[in-house]
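Below is one structure, written out as structure tokens; the observations come after it.
Per chain, numbering begins at 1; letters A, B, ... match sequence-line order.
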Amino acid sequence: MMTAYEPKKIEPKWQQIWNDEKAFAATDDFTKPKYYALVEFPYPSGQGLHVGHPRPYTALDIVARKRRMEGYNVLYPMGWDAFGLPTENYAIKNHIHPRIVTERNVARFKQQLHSLGYSFDWDREINTTDPEYYHWTQWIFLKLFKAGLAYKTEMPINWCTSCKVGLANEEVVGGRCERCGGEVIRRMQTQWMLKITAYADKLIDGLDSVDYIERVKVSQKNWIGRSTGAEVDFAVENTDDKLRIYTTRPDTIFGATYMVVSPEHPFIDKYADRIENLAEVNAYREAAAKKSDFERAELAKEKTGVELKGLRAVNPATGRTIPVWTSDYVLMSYGTGAIMAVPAHDERDWEFAKKFELPIVEVVAGGNVEEAAYTDTGSGKMVNSGFLNGLEVADAKKAITAWLEENGLGHAKTNYKLRDWVFSRQRYWGEPIPIVKCEKCGYVPLPEEELPLLLPDVESYMPTDNGESPLAAMTDWVNTTCPCCGGPAKRETDTMPQWAGSSWYFLRYTDPHNKNALASPEALKYWMPVDWYNGGMEHTTLHMLYSRFWHRFLYDQGVVPCPEPYQKRTSHGMILGENGEKMSKSRGNVVNPDDIVREFGADTLRTYEMFIGAFELAAAWSTEGVKGCRKFLERVWKLQDMLTAEEGYSREMETRMHQTIKKVSNDFEALKFNTAIAAMMSLVNDFYRAGKVTRGEFRTLLILLNPVAPHMTEELWSLHFGEGRVYRQAWPKYDEAKTVEQTVEIALQMNGKMRGTMMIAKDAPKEEVLAAAKEALAARLEGMTLVKEIYIPGRIVNLVVR
RNA sequence: GCGGGUAUGGCGGAAUAGGUAGACGCAACGGACUUAAAAUCCGUCGGCAGCGAUGCCGUGCCGGUUCGAGUCCGGCUACCCGCACCA
């Protein structure tokens, strides 16, 4: 008699067996074909695993398990991105060392992941807060520093007033701190910077060589924001000086009727004595300085500005003098901080010109520049533009750029929206920056053999109001000697941002216990690049860009063997609450995976999360849907009662078996887990309809279903197929010829409208099919003239009549 | 504003290269089993009309191409997610 399906008993049992057998350890046999599947390692928060975590983990677990069955040496690792603010804030509040908090959270996460039966190679677990790990994070920083890509500078930063910490532009969302929602203001601070801008072109161009879903590529390109144009010098009247601007539309230079400089532009101070309305100008500048970037953008609807009276510039194309204004719609941080304004062909300039009654001169025909700026670059010929008249925009660009270069007035120039990466945090729970400041020698890197520079214990983790990290209070630690001259020196007290540890972690997995290098060249050569990396869309512009930057740098340094770290990148959709809203504590719609495992089992949770909908799209949780998946697994379980002694496939099921193998195999590769599972459900329904299943059919089903529901399939295997394991079986093969039905149902249409169906032999000749169709539709064809006969084999017959 | 995405039954969602719209699942309804309920198994399940074989309509909206359009083309609308004065 068959036993009941009890996931609570069988799941922990198999998890223990896999653990004892080291079932999923990647081997160091570098002669085997490899497959490196990667999911983003989690931040071990105090809340434990969220029901959103298992979606990507299960998806790539399926891929990893399938690859093993296909004979690959698979690396599917897991670790902890454990530095970060929530842990530190918790530590401050509860006076517990962040290390202890981290350990506790990691233990919880790990136990939860175990309970879901993932085939991670736990021997390769890593933790970014482990000195053995951050040794190499610091080592990479030193490399960057020595290559001139890390520098310290005083700059206005985004300062979160609540976290008391500087934020990267990417961490400011809608003028507020991405993490705590606190107000963000601008503040001057000395910061370590990484020159990611030096890699802007490589980061864009590298995208051509990898297989990322399109929207990830598009986002990255937009974020880097490469634009080509020209820098042009405008002479300042009555001086020998020039004001340099950047434009992407040098072709419209004849229409430049005024100039605008950013309120922060040094030009204003330089010529302060000539500005007749200096008081007014300074008042405007002060008002602009108080606004955050966000406020500036918010108030964008209404243009503001002040003319710098007494200063005029010369349009190098027309030779006419034009006024110079200052306005906060021009940003100091992009281009040269100054623009030529062409109101006829730029919306912002147009608005500004309308408001301040500045002249609007059309130089590209095709619009009505009194009504709106005409910005179309695809059509329209140049007018009012001297030697450019009659040219298309694209040709005019080339002609004017050549002319500017010939006359020493300007040159072609590429600009980027991407800014350098603010790399310091005034915080405790991060990697110490391995630099000391010596009065004599300046910033001096620690010798590599002194790494890792350990994070010292401090009394308080509270950041300070003056913007210094809690480490600054540790005078014993801070005061040191200069590695260069031996004189007194002070350690850097800022720490690295959380992005640091996650910018190279995929390399460490290839050789996680290496004491002499971040990983051995052999391991890197074998495992890299990652074959398939899946993660959230929220990481496309931050983590993805940062890690590609570091990896590309390490490639240039000869440390890693390939320029791009990830061969393929996909993204999963979010799991929403039952009400269709984002899950959050405040909304009270959070589902805890532990509860689902306890009530239905891990296999049900895995199956449900894969069945919930298209992998890339958001999907709302449904407890009823979970029950449906449990029911499906029960039905598989109960197939035991219908098992016959036959080893192969039965004649009537053979085609269905081959079809299902094909469908499941292809769908797993294409991330179409929902339809793969639907196909298996369908097959199981067929077994029920037949009232029997052969051992051969059952065997194949268990293998196909194993990546999705590994525990139950192992249990059924052990009950019916002996000591072996499903996870060691070869992935089933299908015979294309056997996936095709011998008799097919085809649709009968008249004038494209459905008029019935008929069964016919798959390879029946066209004439025969048409004859049969005409016979079937004979009554309807009465009195009609047959105009055309269309036959699509296996699909449709369409008779066109009049 | 710019970029990307989505729109299909009561619901989640299927539909390789135009070729039987609604696979699979949920809910609902009917039946079997049961003293009963749950569970399970079997069946029905887009709308309108009809006792019925059947007919007409139907994939956000308007139009087009085609023997045939959820799918292609032109023009819209709504919602979601990024970015947001980047010259």
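The shortest side-chain heavy-atom distance between A:Leu207 and A:Arg548 falls under the 4.5 Å cut-off. Within the 4.5 Å cutoff, side-chain heavy atoms of A:Val664 are placed close to those of A:Met680. The shortest distance between side-chain heavy atoms of A:Asp233 and A:Leu409 does not fall below 4.5 Å. Put simply, the side chain of A:Met681 reaches to within 4.5 Å of the side chain of A:Phe611, judged on heavy atoms. Between A:Pro343 and A:Thr257, the closest side-chain pair of non-hydrogen atoms falls below 4.5 Å.
Taking the nucleotide of RNA chain B with the nearest heavy atom to each of A:Ser227 and A:Arg795, the more 5' of the two is matched to A:Arg795. The 5' end of RNA chain B is approached more closely, in terms of each residue's nearest nucleotide, by A:Val800 than by the other of A:Asp349 and A:Val800.
Between A:Glu40 and A:Arg55, no side-chain nitrogen of the basic residue sits less than 4.0 Å from a carboxylate oxygen of the acidic one, so the salt-bridge criterion is not met. In summary, A:Arg630 and A:Glu634 engage in a salt bridge, as defined by a charged side-chain N under 4.0 Å from a carboxylate O.
One finds no side-chain N or O of A:Arg630 lying less than 4.0 angstrom from the OP1 or OP2 phosphate oxygen of B:rU40. OP1 or OP2 of B:rA87 has at least one side-chain nitrogen or oxygen of A:Tyr334 nearer than 4.0 Å. Phosphate proximity of B:rU54 to A:Arg780: absent, as no side-chain N or O sits under 4.0 Å from OP1 or OP2.
Taking the P atom of each, B:rG63 and B:rU44 are spaced 38 Å apart, rounded to whole Å. B:rG75 sits 27 Å from B:rC81 when the P atoms are compared, rounded to a whole Å. Rounded to a whole angstrom, the distance from the C1' atom of B:rG50 to that of B:rG68 is 29 Å. Taking the P atom of each, B:rG25 and B:rC42 are spaced 11 Å apart, rounded to whole Å. If you take atom C1' in B:rA21 and the same atom in B:rA15, they sit 7 Å apart, rounded to whole Å. B:rG47 and B:rG22 have their C1' atoms separated by 13 Å, given to the nearest Å. Atom name C1', nucleotides B:rU6 and B:rG70: the rounded distance is 14 Å, in whole Å. Comparing the P positions of B:rC67 and B:rA14 gives a spacing of 32 Å, expressed to the nearest Å.
Annotation: side-chain hydrogen bond (donor to acceptor under 3.5 Å, both in side chains) contacts involving residues 746-755 of chain A, sequence neighbours excluded, are absent.
Rounded to whole Å, the distance from CG on A:Leu777 to C1' on B:rU54 is 14 Å. Between A:Leu748 atom CG and B:rG19 atom C1' there is a gap of 13 Å when expressed in whole angstrom units. Per the geometry, NZ belonging to A:Lys397 stands 12 Å off C1' belonging to B:rA87, to the nearest Å. As a whole-Å value, the separation of A:Asn751 CG from B:rG19 P is 19 Å. The OH-P distance, from A:Tyr791 to B:rG18, rounds to 20 Å in whole Å. Atom-to-atom, CE of A:Met784 to P of B:rC67 comes out at 18 Å; the value is rounded to the nearest Å. Here the P atom of nucleotide B:rG13 and the CD atom of A:Glu609 are 14 Å apart, to the nearest Å. Atom P of nucleotide B:rU40 and atom CH2 of A:Trp637 are separated by 16 Å, given to the nearest angstrom.
Heavy-atom contacts from other residues, nucleotides or ligands closer than 6.0 Å to NZ of A:Lys217 number more than 12.
In this view, A:Phe356 and A:Trp325, A:Phe352 satisfy the ring-ring contact (aromatic ring centres under 6.0 Å, His included) rule, not counting sequence neighbours. Among residues two or more places apart in sequence or in another chain, the side-chain contact (heavy atoms from CB on, under 4.5 Å) test is passed with A:Thr739 by A:His658, A:Gln659, A:Lys662, A:Tyr734, A:Glu736. Checked against ring-ring contact (aromatic ring centres under 6.0 Å, His included), A:Phe267 has the following partners two or more places apart in sequence or in another chain: A:Tyr271. With sequence neighbours excluded, the residues that form a ring-ring contact (aromatic ring centres under 6.0 Å, His included) with A:Tyr199 are A:Phe549. A:Leu617 pairs by the side-chain contact (heavy atoms from CB on, under 4.5 Å) definition with A:Ala614, not counting sequence neighbours.
A:Thr247 places no side-chain N or O within donor-acceptor distance of the main-chain N or O of A:Ala230, the cut-off being under 3.5 Å. Between the side chain of A:His345 and the backbone N or O of A:Thr375 there is no donor-acceptor pair closer than 3.5 Å. Between the A:Thr336 side chain and the A:Arg244 main chain, a donor and an acceptor come within less than 3.5 Å of each other.
When all heavy atoms of A:Tyr688 and A:Lys638 are compared, the pair lying nearest together is OH-CB, 3.5 Å.
The CG atom of A:Asp603 sits 6.0 Å away from the CG atom of A:Leu633 when rounded to the nearest 0.5 Å.
Note on A:Glu789: nothing from the nucleic acid sits closer than 4.0 angstrom, heavy atoms only. Residue A:Ala620 is out of contact with every strand shown, counting any heavy-atom pair closer than 4.0 Å. Using a 4.0 Å heavy-atom criterion, one finds that A:Ile612 contacts the sugar-phosphate atoms exclusively.
The A:Asn798 side chain lies nearest to B:rG19 when the options are B:rG19, B:rC85, B:rU20. Residue A:Ile790 places its side chain closer to B:rG19 than to any other of B:rG19, B:rA14, B:rA87.
Within residues 659-672 of chain A, the residues having any heavy atom closer than 4.0 Å to RNA chain B are, in order of number, A:Lys672. A heavy atom closer than 4.0 Å to some atom of RNA chain B occurs in A:Tyr246, A:Thr247, A:Thr248, A:Arg249, these being the qualifying members of residues 246-257 of chain A.
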What does nucleotides 21-30 of chain B look like as a protein-contact string, B for base, S for sugar-phosphate only, - for none, at under 4.0 angstrom between heavy atoms? S-BBSSS---
Polar atoms only, N or O, under 3.5 Å: list the protein pairs with nucleotides 57-59 of chain B and their distances.
| residue | atom | partner | partner atom | Å |
| --- | --- | --- | --- | --- |
| B:rC57 | OP2 | A:Lys753 | NZ | 3.4 |

List, with names and distances, any nitrogen or oxygen atoms from the protein found under 3.5 Å away from nitrogen or oxygen atoms belonging to nucleotides 3-6 of chain B.
| residue | atom | partner | partner atom | Å |
| --- | --- | --- | --- | --- |
| B:rG3 | O2' | A:Asn222 | ND2 | 3.2 |

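Base orientation of B:rG9: syn, since the glycosidic angle falls within 90° of 0.
Between the side chains of A:Tyr608 and A:Thr58, not a single donor N or O lies within less than 3.5 Å of an accepting N or O.
The aromatic rings of A:Tyr546 and A:Trp421 sit parallel to each other, their planes meeting at less than 30°, with 60° as the upper class boundary.
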Reading RNA chain B 5' to 3', how would its secondary structure be written in dot-bracket notation, given Watson-Crick and G-U pairs with both distances under 3.5 Å, brackets [ ] for crossing pairs and | for partners on other strands? (((((((..(((......[....))).(((((.......))))).((((....))))..(((((..]....))))))))))))....
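At a cut-off of 3.5 angstrom, counting only N and O atoms as typed in the model, there is a donor on one side and an acceptor on the other between the side-chain of A:Glu745 and the base of B:rU20.
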